[in-house]
Undergrad: 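This is the structure I have questions about; it appears just below.
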Number of protein chains: 2
Amino acid sequence: MTNDLMTIRQMCDAFDVTPRTLRFYEAKELLFPQRDGTRRLFTRHDRARLKLILRGKRFGFSLEDIRQILDLYDRDGSNHAQTIRTYELAQHRLAQMEAQRAELDVAITELKAELDAGGAMIAGLRRAAE
Amino acid sequence: MTNDLMTIRQMCDAFDVTPRTLRFYEAKELLFPQRDGTRRLFTRHDRARLKLILRGKRFGFSLEDIRQILDLYDRDGSNHAQTIRTYELAQHRLAQMEAQRAELDVAITELKAELDAGGAMIAGLRRAAE
DNA sequence: AGAGTGCTTGACGTTAACGTAAATGTAACG
DNA sequence: CGTTACATTTACGTTAACGTCAAGCACTCT
């Protein structure tokens with residue numbers, strides 16, 4: 001069984017992040033490692049939170065979004081209103097992502113058309129400028 | 001027929017940008033308006049370039065990318081090697097956009113799964129942390 | 001004790017594309 | 001000539017998520 005307390009380096013190796021990142025997350029109040037004198041010791045709790053953080057980032061949430069979600073979660077995991085709030089946050093983010101994808105689709109289609117048509121951006125751009 | 005020379009405000013109204021933006025583009029050498037004393041006067045040429053700039057932005061090109069493309073275009077619109085170069089830039093950008101869309105698709109799918117499964121991000125995040 | 005290794009806390013740097021504010025100019029109107 | 005309405009330059013501010021030193025402590029090995 002993996003030790004309950006991990007040094008910053010062990011954390012970095014385990015999660016593929018830099019020490020700077022972990023300290024940054026602590027400064028932003030996303031993590032709260034214990035101290036052994038001056039050194040940080042990360043608990044299971046920190047590891048769980050870090051997983052959530054990295055997962056949230058993959059979803060495109062900002063660190064601030066993530067912090068809010070984690071705070072709600074820690075304050076009272078069973079509070080219905082807060083769960084709803086988080087749900088709404090996720091829904092909102094999902095809508096953003098889908099809108100972004102739609103824009104991207106349009107841009108990709110247009111750019112492909114340029115390439116297919118003129119054989120070069122320039123030609124496409126010139127036509128667009130008429 | 002619309003006058004050949006336009007003030008900064010006319011440009012802003014016509015293209016829905018701010019004066020700051022036009023001055024910024026000039027500073028970045030994307031536009032080269034004439035001067036009437038101290039005031040800028042934008043020519044048809046500037047308008048054509050601005051259209052290209054805004055179009056490039058929709059494609060997700062950086063201003064620096066756009067500047068390079070415009071420079072090649074102005075220097076010699078018929079130079080084959082330069083046309084090829086621009087073509088490659090566009091291809092590269094297209095590849096980036098498609099990669100980005102792929103990532104977005106994965107994230108959207110995952111996030112949807114979370115929402116469908118647990119009814120809340122928190123639940124999803126908790127399962128992920130186990 | 002000296003060397004090496006790893007950890008710590010500052011604190012400034014990076015990137016893009018402008019926003020915003022301050023001080024000044026100047027053209028036209030009445 | 002005074003006011004109004006835009007224009008100009010200069011230059012610092014913004015945002016996110018860290019990167020990159022710099023200087024120094026803490027422990028261990030020899």
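Letters A, B, ... mirror the listed sequences (proteins, then strands); counts begin at 1. Atom set for the values below is all heavy atoms of this structure, side chains included, hydrogens, waters and symmetry mates excluded.
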Undergrad: Between B:R40 and D:dT9, is there a side-chain N or O to OP1/OP2 distance below 4.0 Å?
TA: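 The answer is yes; a side-chain N or O of B:R40 sits under 4.0 Å from OP1 or OP2.
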Undergrad: Check A:L63, A:D71, A:L22 against A:L30 for a side chain to side chain contact (heavy atoms under 4.5 Å, CB included) and give me the one that passes.
TA: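 With A:L30 as partner, A:L63, A:D71, A:L22 yield a single side chain to side chain contact (heavy atoms under 4.5 Å, CB included), made by A:L63.
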Undergrad: Rounded to the nearest Å, what distance is computed from the CG atom of residue B:D65 to the P atom of nucleotide C:dA16?
TA: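 About 10 Å, once rounded to whole Å.
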Undergrad: A:K28 NZ to D:dA16 P: how many Å, rounded?
TA: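 From A:K28 NZ to D:dA16 P: 7 Å.
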Undergrad: Please give, in whole Å, the distance from C:dT8 P to A:L41 CG?
TA: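 Rounding to the nearest Å, CG of A:L41 and P of C:dT8 are 9 Å apart.
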Undergrad: Could you tell me the separation between the CG atom of B:L22 and the C1' atom of D:dA7, rounded to a whole number of Å?
TA: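 Whole-Å distance recorded here is 13 Å.
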Undergrad: Do the side-chain N or O atoms of A:R39 get closer than 4.0 angstrom to the phosphate oxygens (OP1, OP2) of C:dG6?
TA: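 False: A:R39 side-chain N/O out of range (4.0 Å or more) of C:dG6 OP1/OP2.
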Undergrad: Could you tell me whether B:R67 and B:E64 have a side-chain N and a carboxylate O separated by less than 4.0 Å?
TA: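 Here B:R67 pairs with B:E64 in a salt bridge, since their nearest N and O are under 4.0 Å apart.
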Undergrad: Grab the CG-P distance between A:L50 and D:dA17 for me, whole Å please.
TA: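 Rounded to whole Å, this separation is 15 Å.
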Undergrad: Hey, is the side chain of B:T38 poking within less than 4.0 Å of OP1 or OP2 on D:dT9, counting only N and O atoms?
TA: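 False: B:T38 side-chain N/O out of range (4.0 Å or more) of D:dT9 OP1/OP2.
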Undergrad: Under the salt bridge (Lys or Arg N to Asp or Glu O under 4.0 Å) test against A:E26, which residue among A:R35, A:R20, A:R49 passes?
TA: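 Result for salt bridge (Lys or Arg N to Asp or Glu O under 4.0 Å) with A:E26: A:R35.
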Undergrad: For the base of D:dG19, is there a side-chain donor-acceptor partner from A:R20 under 3.5 Å away?
TA: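 A donor-acceptor contact between them is present.
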Undergrad: Do any side-chain nitrogens or oxygens of A:R9 fall under 4.0 Å of OP1 or OP2 in C:dT8?
TA: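 Checking C:dT8 against A:R9, no side-chain N or O comes under 4.0 Å of OP1 or OP2.
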Undergrad: What integer distance in Å separates B:R67:CZ from C:dA16:P?
TA: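 My rounded result for the distance is 12 Å.
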Undergrad: Distance check needed: D:dT15 P versus A:E64 CD, whole Å only.
TA: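 Rounding to the nearest Å, CD of A:E64 and P of D:dT15 are 12 Å apart.
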Undergrad: If the cut-off is 4.0 Å, is B:R35 near the phosphate of D:dT9, judged by side-chain N/O to OP1 or OP2?
TA: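 It does, given that an N or O in the side chain of B:R35 lies less than 4.0 Å from OP1 or OP2 of D:dT9.
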Undergrad: Taking for each residue the nucleotide of DNA chain D bearing the nearest heavy atom, is the 5' side occupied by B:T7 or by A:L63?
TA: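 The residue mapped nearer the 5' terminus is B:T7.
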Undergrad: When you measure from the side-chain N and O atoms of B:Y25 to the phosphate of C:dA17, is any distance below 4.0 Å, counting only OP1 and OP2?
TA: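 Checking C:dA17 against B:Y25, no side-chain N or O comes under 4.0 Å of OP1 or OP2.
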Undergrad: Side chain of B:R23, base of D:dT9: donor and acceptor closer than 3.5 Å?
TA: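 Check fails, no donor-acceptor contact within cut-off.
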Undergrad: Check whether any side-chain N or O of A:S62 sits under 4.0 Å from OP1 or OP2 of D:dA17, and answer yes or no.
TA: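 Looking at the OP1 and OP2 atoms of D:dA17, neither is under 4.0 Å from any side-chain N or O of A:S62.
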Undergrad: Let me know the distance between CZ of B:F24 and P of C:dG19, rounded to the nearest Å.
TA: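 For the pair B:F24 CZ and C:dG19 P, the rounded distance is 10 Å.
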Undergrad: Consider salt bridge (Lys or Arg N to Asp or Glu O under 4.0 Å). Of B:E114, B:E103, B:E110, which one does A:R58 pass it with?
TA: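 The residue from B:E114, B:E103, B:E110 that satisfies salt bridge (Lys or Arg N to Asp or Glu O under 4.0 Å) with A:R58 turns out to be B:E110.
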Undergrad: Determine whether A:Q96 and A:Q100 satisfy the following criterion, side chain to side chain donor-acceptor pair (under 3.5 Å), listing intermediate values before the conclusion.
TA: CA-CA 6 Å; A:Q96 279 182 5; A:Q100 189 185 340; over 6 Å; no
